[in-house]
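Quick notes on the structure that follows.
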Amino acid sequence: MQSLQTQTSIPVQLSSGDGTKSVKYYEKENFNVNYRMLFSKNEADELFHQLESNVDYYSGDLARIKMFGKWVNIPRQHVAYGSNGLHYKFSGNTIPAKPWSSVPCLQQIKDRVESVLGVTFNFLLINRYANGMQYMGEHRDDEKELESDAPIASVSFGQERDFTFRHKDCRGKQKKRSDVPKITHSLQHGSLLVMNAPTNKFWYHALPKRSHTKNPRINLTFRVMKE
DNA sequence: GAGCTCGCAGTGGG
DNA sequence: ACCCACTGCGAGCT
């Protein structure tokens, strides 16, 4: 495990280009995030293909959220998997988890993540961004049913996209502080990004629009839910 | 390379 | 966690 202490650079950069080593970002300001490649190019290509062929995303009511009193369609596709009757509550909606066995390659990916991290996950949210116009706005994963001490493991396939972090005190017109840098990092095909506690209490994250980007990205976030 | 313009990216507030 | 309005900026062009 290679680690990198970054004090000042904006955005934070990877220290190694070979793609096989883990990179740890600075732990100032309660930011504790690791990034590494998890699958070879060939493995990632194959898994991306299998996910594209076998994952059925939610539609209709399960693809909507309520925000500021208005129901809107999410600007991406999503679906959840997990053990026995778990579900995911956010923005006024409740997303049920399908069984792991509905898509054969999920267990393989889960096994790889768990063996690398030494953590057992019971829930998976898959988000698919068909192109650069699809995105996810800034938010924290603060659902009550998430085990808040457990890491969140985010595996990426397909189109490389930027991912951003912003400290909670550096938002809004009357922000409390402006001295904490915004962090931008690219998520590569076959990579693993791990958000460790307490990052999610202090930092918002987003997958911003990239209007020139044409190709789809699939993201799998493994979580630990209270059962 | 200065100036312009138009689209994109970022932000804030509902 | 979205949508919209607004702003600043920068790539591309002349």
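Quick note on labels: first sequence line is chain A, next is B, and so on, each numbered from 1.
Across all strands shown, Asn127(A) has no heavy atoms under 4.0 Å from either base or sugar-phosphate atoms.
Of the candidate nucleotides dC2(C), dG10(B), dC8(B), dG10(B) has the atom nearest to the side chain of Lys182(A). Checked against dC2(C), dG13(B), dC8(B), the side chain of Lys173(A) finds its nearest nucleotide in dG13(B). Counting only heavy atoms from C-beta on, Phe68(A) has its side chain closest to dG14(B) among dG12(B), dG14(B), dC8(B). Side-chain proximity of Pro208(A) to dA9(B), dC3(C), dG10(B): nearest is dG10(B).
Residues Leu106(A) and Tyr81(A) are in side-chain contact: their nearest non-hydrogen atoms beyond the backbone lie under 4.5 Å apart.
In this model, the phosphate group of dG7(B) is not approached by any side-chain N or O of Ser211(A) to a distance below 4.0 Å at OP1 or OP2. Residue Arg64(A) has no polar side-chain atom (N or O) positioned under 4.0 Å from OP1 or OP2 of dC3(C). For dC3(C), one of the phosphate oxygens OP1 or OP2 lies less than 4.0 angstrom from a side-chain nitrogen or oxygen of Tyr135(A). For the OP1/OP2 pair of dC2(C) and a distance below 4.0 Å, the side-chain nitrogens and oxygens of Arg76(A) include at least one atom meeting the criterion. The phosphate of dG12(B) has OP1 or OP2 within less than 4.0 Å of a side-chain N or O from Lys175(A).
For Asn131(A) against Thr213(A), the heavy-atom pair with the smallest separation is CB-O, 3.7 Å. Closest approach of Val33(A) and Thr199(A) over heavy atoms only: CG2-CG2, 3.9 Å.
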Just the atom pairs and distances: protein N or O near nucleotides 9-12 of chain C's N or O, under 3.5 Å.
none

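With salt bridges taken as basic N to acidic carboxylate O contacts below 4.0 Å, one links Arg112(A) and Glu43(A).
Side-chain N/O atoms of Glu114(A) and Thr120(A) include no donor and acceptor closer than 3.5 Å.
No continuous path of hydrophobic side-chain contacts links Leu193(A) to Tyr204(A) [ILVMFWY only; heavy atoms under 4.5 Å].
The distance between atom CZ of Arg166(A) and atom P of dT11(B), rounded to the nearest whole Å, is 5 Å.
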